[in-house]
Novice: 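Right, I'll just put the structure down here and ask away after.
Treat the numbers as computed from the prediction; the structure is a model and nothing was measured.
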There are 2 protein chains.
Amino acid sequence: MTTTVEPVLHESRAYTAHDHTTCINSALERATVICQEKGQRLTALRKQVLELVWQSHKPVGAYDVLAMLSKGQERPAAPPTVYRALDFLLEQGLIHRIASLNAFIGCSCPDTPHAGVFLICEKCRTTRELDSHDNIQNLKNAADSTGFKTSKTLIEISGLCPCCQEEASDE
Amino acid sequence: MTTTVEPVLHESRAYTAHDHTTCINSALERATVICQEKGQRLTALRKQVLELVWQSHKPVGAYDVLAMLSKGQERPAAPPTVYRALDFLLEQGLIHRIASLNAFIGCSCPDTPHAGVFLICEKCRTTRELDSHDNIQNLKNAADSTGFKTSKTLIEISGLCPCCQEEASDE
DNA sequence: TCAAGAATGTTATATTATATCCTTCCACAT
DNA sequence: ATGTGGAAGGATATAATATAACATTCTTGA
């Protein structure tokens with residue numbers, strides 16, 4: 001007998017219309033708590049950058065954040081400002097980096113550190129995080145069985161999200 | 001009962017001393033045949049770039065290739081020259097791109113198109129390609145079971161190769 | 001209150017990648 | 001053999017991403 005492992009979607013709302021302010025607020029609140037518990041300083045800037053990353057369910061480039069951050073400011077922010085904030089958020093596990101897009105996305109389950117599996121829509125870029133712990137473990141095992149010692153896994157899956165598949169079939 | 005799937009290492013020599021000219025030559029020969037069969041033109045430039053990518057079992061940056069290519073030339077090559085050759089080699093499946101390093105590595109089994117699983121040593125950067133077809137398939141299934149339609153998978157595993165683990169324990 | 005370290009600001013530059021236009025080369029039909 | 005069309009490569013410029021290095025400000029705790 002085989003145990004079927006159901007993949008769990010961390011951010012199940014990514015594809016459907018929803019009150020996105022809830023996503024943002026809950027992300028900010030959780031971040032606040034997490035940083036407090038760890039004795040890390042979620043400064044105003046870092047919080048703002050986190051909020052900007054969470055503006056959508058699509059990965060955001062550092063320079064997009066930079067532009068949003070600078071909007072309306074007399075003196076625009078400089079790249080290191082953003083990269084440092086992003087680095088902090090990465091370290092705290094509050095965001096993930098999507099290597100194939102050179103972009104960043106809010107982590108939908110920052111409470112426990114984890115390697116993400118990302119489903120990236122090639123059409124609309126909406127990106128969903130999959131909790132595929134067993135698959136990751138299997139990969140790790142495969143790697144380690146060759147004598148390798150795994151420290152990080154990076155898994156990015158590109159394709160079409162359900163919405164964009166529908167649109168494609170309409171045409 | 002469970003079937004244990006043994007991972008297959010495509011380039012088993014990556015970590016051990018070996019006559020690397022054999023690796024290069026065999027890669028070039030296979031590339032020649034593959035392109036001939038597909039009616040693709042493996043021009044002198046493309047062949048040279050492939051050879052340069054194969055100089056080691058570590059991913060090589062486009063600008064590294066550029067520098068090697070320009071070495072000794074009166075007029076150095078320009079970036080598009082290299083990127084075009086690399087794009088061609090990627091399309092033909094003769095090399096892979098390692099997104100986490102913005103670098104390229106020769107494909108050790110270019111005869112059949114495939115998604116790679118890469119074991120990247122964080123210390124010496126030696127990178128080995130793992131044939132982990134079943135794991136990839138499982139991941140795809142997990143993704144597709146959520147309504148996603150997978151087209152590409154990117155899997156990069158960082159850690160320590162056997163050699164660098166030994167060195168670390170020596171210290 | 002002051003000192004130390006963390007965070008941010010500022011300037012400059014490194015690194016990676018692409019757009020565009022022009023020239024050359026090659027395969028093929030004539 | 002020769003012209004032609006499209007692919008390949010050369011050349012120039014610039015876009016996009018990321019970091020180095022140093023100055024200033026802020027925070028926290030002694």
Novice: Could you say whether A:Pro80 or B:Phe104 is positioned toward the 5' end of DNA chain C, judged by the nucleotide with the nearest heavy atom to each?
Specialist: A:Pro80

Novice: Once you round it to whole Å, what is the distance between C1' of D:dT19 and CG of A:Leu90?
Specialist: 15 Å

Novice: Extract, from 5' to 3' on DNA chain C, the first and final nucleotides lying under 4.0 angstrom from some heavy atom of chain B.
Specialist: C:dT16 to C:dC26

Novice: In terms of the nearest nucleotide of DNA chain D, which residue is placed more toward the 5' end: B:Thr43 or A:Asp64?
Specialist: B:Thr43

Novice: Is A:Tyr83 close enough to D:dT19 that one of its side-chain N or O atoms is under 4.0 Å from OP1 or OP2 there?
Specialist: no

Novice: Pick the closest DNA chain D nucleotide for B:Asn102 and for B:Arg75 by heavy atoms, then say which residue is nearer the 5' end.
Specialist: B:Arg75

Novice: How many whole angstroms separate atom CG of A:Asp87 from atom P of D:dT17?
Specialist: 16 Å

Novice: Could you tell me the separation between the CZ atom of A:Arg84 and the C1' atom of D:dT24, rounded to a whole number of Å?
Specialist: 11 Å

Novice: Without decimals, in angstroms, what is the distance between A:Arg97 CZ and D:dA18 P?
Specialist: 5 Å

Novice: Rounded to the nearest angstrom, tell me the gap between atom OH in B:Tyr63 and atom C1' in D:dT17.
Specialist: 12 Å

Novice: Less than 3.5 Å apart, any donor N or O on the side chain of B:Glu129 or B:His114 sitting next to an acceptor on the other?
Specialist: yes

Novice: Could you check whether any side-chain N or O of A:Lys58 sits under 3.5 Å from a backbone N or O of A:Cys124, counting only pairs where one atom can act as donor and the other as acceptor?
Specialist: yes

Novice: Can you check whether B:Phe104 and B:His96 have ring centres sitting under 6.0 Å from each other?
Specialist: no

Novice: Less than 3.5 Å apart, any donor N or O on the side chain of B:Thr22 or B:Asp19 sitting next to an acceptor on the other?
Specialist: yes

Novice: Could you check whether the rings of B:Tyr83 and B:Tyr63 sit parallel, tilted or perpendicular, using 30° and 60° as the cut-offs?
Specialist: perpendicular

Novice: At 4.0 Å (heavy atoms only), tell me whether B:Arg41 reaches a base, stays on the sugar-phosphate, or touches nothing.
Specialist: sugar-phosphate

Novice: Count the heavy atoms of every other residue, nucleotide or ligand shown that sit under 6.0 Å from NE2 of B:His20, and state whether that count exceeds 12.
Specialist: yes

